[in-house]
Number of protein chains: 2
Amino acid sequence: MGVTLKELAASLGLSPTTVSRALNGYPEVNIKTRQRVADAARAANYHPNTRAKSLATGQSRAVGHVIPISTSHEIVNPIFADFIAGAGEAYSRAGYDMVLSVVPDAEEEAAYRNLVARGTVDGLMVHGPRLHDDRIGLLHDLGLPFMVHGRSSGVNTPYSWLDINNRRSFRRATEFLLDLGHTRIALVNGLEGMDFAMRRRTGYLDALEAAGIAPDRALMRTAEMTEPYGHQAGRELLRLPDPPTAMLASSMIVAYGLRRALTEVGLQPGRDVSVITHDDDLSYMPNGLDVPQFTATCSSVRDAGRKAAEMLLALVNDPDLGPINHLMETRLVLGDSTGRNRL
Amino acid sequence: MGVTLKELAASLGLSPTTVSRALNGYPEVNIKTRQRVADAARAANYHPNTRAKSLATGQSRAVGHVIPISTSHEIVNPIFADFIAGAGEAYSRAGYDMVLSVVPDAEEEAAYRNLVARGTVDGLMVHGPRLHDDRIGLLHDLGLPFMVHGRSSGVNTPYSWLDINNRRSFRRATEFLLDLGHTRIALVNGLEGMDFAMRRRTGYLDALEAAGIAPDRALMRTAEMTEPYGHQAGRELLRLPDPPTAMLASSMIVAYGLRRALTEVGLQPGRDVSVITHDDDLSYMPNGLDVPQFTATCSSVRDAGRKAAEMLLALVNDPDLGPINHLMETRLVLGDSTGRNRL
DNA sequence: TTGAAAGCGCTAACAC
DNA sequence: GTGTTAGCGCTTTCAA
């Protein structure tokens, strides 16, 4: 515990009120007084007590992220860390704290209610929206500003979101493969039920339809986005009577699993079978030009976190701001994973 | 904002004090009153205002994690998310909030000072300790309980930590390769300067020395633990006049890079060159028996997060508790990546 | 331009 | 067992 406002004021022979005003930039303070106060505060390493300040102002200057864990397809997702990194950066720049609430799936709703009722945060970020996601209605009712990272189809109430253009991204990736002459293109998607997975599937189907190719259910897999599942999906796909010549994976981790399945049976990814991935640029596992093994549609998830956080803060600071949203486009980065030999 | 204690008390015809006592489990409350209060609180969805409570008690019931980002070898590390998940779980079980502070490297010290001076947290977790890490002395001076995830060699003041037995883990992995007959064993380590990397190197050198094998500097690489760096290290190692027959990677991500380097030149990992990795069990990218491509020394980083958080809370709740620490052993999991053909 | 006083929602002596 | 009072550290009317 450091110096208090009262102590600081006493040491200056001023009232706490004046010191508070000086420190918070109120105009009616004598310029010399303000300077004196600022100097003294710095010298004393004075930082206002967060709790007292929030209690007095009714604002916590903190933002909450609730992460459910039991289903394991959430924090588990490696994009989580990068998103948090970007968001956290934006928060600390703006002087906000980030409160992370990691709870079992079943307690997620209670966690939101808790954070709101206890006044811990001024705003909330929603991760990993599903189709018809209940949380959006809940947060709407709770009345605190919130942002959704992603979208939730089937929700009628308007809400604020930031999303990447999953549909367009996967449509383009599929078109790219079609242009190369592939017709048997597998989609190894994330878990159905997650909104992004649905959108990616739609983009894939759009492209097939436009090319006059009937989708084959056997080529469409859905799984948690982990390496072993990608591996398993890859094995199953290769065992098909008429296996795919190209594979479109929903995440780089899954693509690694696919590569493993290929090399196990002596096929070389990028020569025998094309492997394209979508992944947000993860700092510890970048894709794009640095990793020419894949062709990828990618966007920076750290940028997304930053941007989403900025939008949330805008909502927090202006409650009258209507629902705002932002759609990020992806880059298509061509690597050498195009399966030329099969064409 | 929900109901306040005062309102709740008024609706019950009781004083705020009594209600507070009833809710906080003080013994001197009439059993019937307590019941009545509990019921009313539940019915009104009453949650005590965190800020007011902390202000009154002087405790924030929150714990801080400071994550520096500019050097990118920290949050970047995929183990971060799992550790946070485990810790967050323990915190919310104990009714504590987790405050994440993501700051540029240069502002890390200021971030610690801030959190302490503003009274935002009751305790702190330190991530990614380096050799002679300044943060430990700083936190010691700040006087708030803290835990280090890892250790920092060269620091004299005693401090609380939780670490895995990096040295033993890498010694065993190296011994395993030696037992298989390998003598040219590469070590693709994390960044020197990080304490864990030093310990891993020591374990590796211990094993070589015990086997009477002189270490070869050309076989020892140090890099950020990303896929591209692993790939680059792998290429360089394979171009050596006398290339290694086995590679020991400090993380699975790096091991993937090594595998890529091998397959590029037509070598098969696990048949032509053995690839062993160390990695904590990451939920989105498990190793061990599920992924028989690698032999691995692994520990659950989520467990580590949980345990470290519990230890930190113990420190917070008992300031007299001396420095406490915990050393986790790893499991050695044998996959098929043993390079049999070369032996 | 500055200060006094009240209050944010809660807890913790100290009465009763 | 329950209530009264003061106070945590800050902001914010209202007065001067």
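Only a predicted model underlies this, so the values are computations on that prediction, with no experimental measurement involved. Order of the sequence lines sets the chain letters (A, B, ...), proteins ahead of strands, with each chain counted from 1. The figures that follow rest on heavy atoms only: side chains count, while hydrogens, waters and symmetry mates do not.
- Put simply, the side chain of M125(A) does not reach to within 4.5 Å of the side chain of I84(A), judged on heavy atoms.
- Rounding to whole angstrom units, CD of residue Q59(B) and P of dG7(D) are separated by 21 Å.
- Among the atoms of the strands shown, only primed sugar atoms or phosphate atoms (P, OP1, OP2) are found under 4.0 Å from some heavy atom of T33(A).
- Between the P atom of dG7(D) and the CD atom of E7(A) lies a distance of 15 Å, rounded to the nearest Å.
- The distance from atom CG of L23(A) to atom P of dT2(C) is 14 Å, rounded to the nearest whole Å.
- The distance from atom CZ of R51(B) to atom C1' of dT11(C) is 17 Å, rounded to the nearest whole Å.
- The distance from atom CZ of R118(A) to atom C1' of dC8(C) is 18 Å, rounded to the nearest whole Å.
- For the pair T18(A) and dT2(C), the criterion of a side-chain N or O lying under 4.0 Å from OP1 or OP2 is not met.
- The distance from atom CD of E28(B) to atom P of dA13(C) is 12 Å, rounded to the nearest whole Å.
- Judged purely by atom type and a 3.5 angstrom limit, D163(A) has no side-chain atom pairing as donor or acceptor with the backbone of L327(A).
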Nucleotide by nucleotide, 5' to 3', does protein get under 4.0 Å of the base (B), only the sugar-phosphate (S), or neither (-) in nucleotides 10-16 of chain D, counting heavy atoms?
BBB----
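- No donor-acceptor pair closer than 3.5 Å links the side chain of S20(A) to the backbone N or O of P16(A).
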Check against salt bridge (Lys or Arg N to Asp or Glu O under 4.0 Å), R93(A) and E89(A):
CA-CA 6 Å; R93(A) 214 176 12 234; E89(A) 205 185 312; 3.8 Å; yes
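- We find that CG of L55(B) is positioned 17 Å from P of dG7(C), with the value rounded to whole Å.
- Nearest heavy-atom pair across V66(A) and A111(A) is CG1-CB, 4.2 Å.
- Judged by distance alone, the side chains of S153(B) and D195(B) do bring a donor and an acceptor atom under 3.5 Å apart.
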